[in-house]
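None of these values were measured; they are calculated from a predicted model.
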Amino acid sequence: MTPVFQPGQTVVRREIMRGEPWIAMPQVCVQDDGDLLVTYTPGGTPMAYPETGAFPVGEHPWKLAGSTTWRGHGRLELHWTGIEHSIFLFWDGPQRAFQGWYFNLEDAPRRTPIGFDTLDHELDVWWAADAETYEFKDVPEFEETGPARYPGRMEQIRAEGDRIAGLLDAGELWWDKAWADWTPDPSWQPRTLPADWATVPFEAR
């Protein structure tokens, strides 16, 4: 049975790379109707990495960079069932100014008893709040890392980026822009991961 999470509940976002956990972050459920899952990562949220693994493409870059917590105002994520991207929202500065829409290409969310599993696809589409249009991000990085990270899937990932761009060019919006004005419940502080987060069963792609 597919779990539906309640507002305020801890939801663990894991990335599964080549058949093993790569990184995990405990988020907060903002809204979940079984199709749209909205999660929030408070500033200070811990990033966790598995202690053991084969790591066929190396350990997560954030671990190699020494990143241990999420910084800033926090990140809001909009995830849809069966959709190979999410939308991240960011804010900055003392007035918590909205920065823009970040279309994060990634595996469609696969729900687990503790949250959901996905995998970032490196390639992204960014539409800054003060910009007239969007831009693609991390294209060279995707072309460099893609063959090893996503073997046989690069054309599919590029096609999803093109699909997003086509919808934006046509003026179609599939999300509620009112999320830009959203503010977190002040009681939502960084969460902790369950001790067994790395061993909870997962479906590998």
Side-chain angles (χ1 to χ4, degrees), residues 3-32 36-53 55 57-81 83-92 99 101-124 126 137-138 141 145 149 179 182-205:
V4 174
F5 301 102
Q6 300 301 313
Q9 185 175 353
T10 299
V11 175
V12 178
R13 173 194 171 100
R14 297 189 302 184
E15 293 196 26
I16 307 298
M17 172 62 78
R18 300 286 299 273
E20 60 187 20
W22 211 30
I23 185 175
M25 297 175 66
Q27 303 179 319
V28 183
C29 175
V30 176
Q31 172 184 312
D32 186 11
L36 172 61
L37 170 62
V38 183
T39 60
Y40 171 61
T41 306
T45 292
M47 302 173 184
Y49 310 95
E51 296 181 358
T52 60
F55 306 119
V57 298
E59 295 188 277
H60 196 282
W62 289 358
K63 180 179 182 180
L64 299 177
S67 296
T68 58
T69 59
W70 186 261
R71 300 177 182 178
H73 285 285
R75 180 177 82 190
L76 193 70
E77 302 179 11
L78 313 179
H79 300 267
W80 290 268
T81 300
I83 300 300
E84 295 280 299
H85 75 268
S86 62
I87 301 179
F88 292 176
L89 287 75
F90 300 98
W91 295 265
D92 189 38
Q99 297 299 289
W101 312 98
Y102 194 94
F103 303 86
N104 194 64
L105 276 69
E106 61 183 27
D107 285 3
R110 304 184 297 275
R111 292 179 183 242
T112 71
I114 62 171
F116 68 96
D117 293 340
T118 184
L119 176 63
D120 185 275
H121 292 165
E122 193 77 43
L123 186 65
D124 305 297
W126 168 243
K137 302 286 288 185
D138 302 324
E141 291 83 355
T145 64
R149 291 185 182 181
W179 284 111
W182 178 84
T183 56
D185 185 321
S187 71
W188 287 353
Q189 298 301 307
R191 304 299 171 87
T192 58
L193 285 162
D196 63 346
W197 71 265
T199 59
V200 171
F202 57 83
E203 173 189 350
R205 287 194 60 170

[atom1]/[X] to [atom2]/[Y] distance, rounded to the nearest 0.5 angstrom?
| X | Y | atom1 | atom2 | value |
| --- | --- | --- | --- | --- |
| Leu105 | Leu119 | CG | CG | 11.5 Å |
| Trp101 | Ile87 | CH2 | CD1 | 7.0 Å |
| Asp120 | Glu106 | CG | CD | 6.5 Å |

Verdict with reasoning, Thr39 to Val30, per side chain to side chain contact (heavy atoms under 4.5 Å, CB included): CA-CA 5 Å; Thr39 60; Val30 176; 5.8 Å; no

If you compare all heavy atoms of [X] against all heavy atoms of [Y], which two are closest, and at what distance to 0.1 Å?
| X | Y | result |
| --- | --- | --- |
| Arg14 | Val200 | NH1-O, 2.9 Å |
| Met47 | Ile23 | CB-CD1, 4.5 Å |
| Asp107 | Arg205 | OD2-CD, 3.4 Å |
| Pro194 | Val12 | CD-CG2, 3.8 Å |
| Pro26 | Pro46 | CD-O, 3.3 Å |

Partners of [X] by side chain to side chain contact (heavy atoms under 4.5 Å, CB included), sequence neighbours excluded?
| X | result |
| --- | --- |
| Pro109 | His79, Phe116 |
| Pro61 | Trp22, Arg149 |
| Ala198 | none |

Considering only heavy atoms from C-beta outward, does the side chain of [X] approach that of [Y] to under 4.5 Å?
| X | Y | value |
| --- | --- | --- |
| Phe90 | Arg75 | yes |
| Leu89 | Leu78 | yes |
| Asp32 | Leu37 | yes |
| Gln31 | Trp182 | no |
| Pro42 | Val28 | yes |
| Trp126 | Gln99 | yes |
| Trp70 | Pro190 | no |

side-chain hydrogen bond (donor to acceptor under 3.5 Å, both in side chains) pairs, two or more places apart, involving residues 40-53: Gln27-Thr41

Backbone N/O of Leu64 and side chain of Glu59: donor-acceptor pair under 3.5 Å: no

Donor-acceptor pair, side chain of Glu77 and main chain of Val38, under 3.5 angstrom: no

Under 3.5 Å side-chain donor-acceptor pair for Asn104 and His121: no

Contacts of Asp185 that satisfy side chain to side chain donor-acceptor pair (under 3.5 Å) - sequence neighbours left out: Ser187

Whether Tyr102 and Phe88 hold their rings parallel, tilted or perpendicular, with breakpoints at 30° and 60°: parallel

Pair Lys63-Phe55, side chain to side chain contact (heavy atoms under 4.5 Å, CB included): steps then yes or no: CA-CA 12 Å; Lys63 180 179 182 180; Phe55 306 119; 5.5 Å; no

CA sep, side-chain torsions, deciding dist, call: Lys137, Phe103, side chain to side chain contact (heavy atoms under 4.5 Å, CB included): CA-CA 10 Å; Lys137 302 286 288 185; Phe103 303 86; over 6 Å; no

Lys/Arg N to Asp/Glu carboxylate O, Arg111 vs Glu203, below 4.0 Å: no

Salt-bridge contact Asp117-Arg110 (side-chain N to carboxylate O under 4.0 Å): no

Contacts of Trp197 that satisfy ring-ring contact (aromatic ring centres under 6.0 Å, His included) - sequence neighbours left out: none

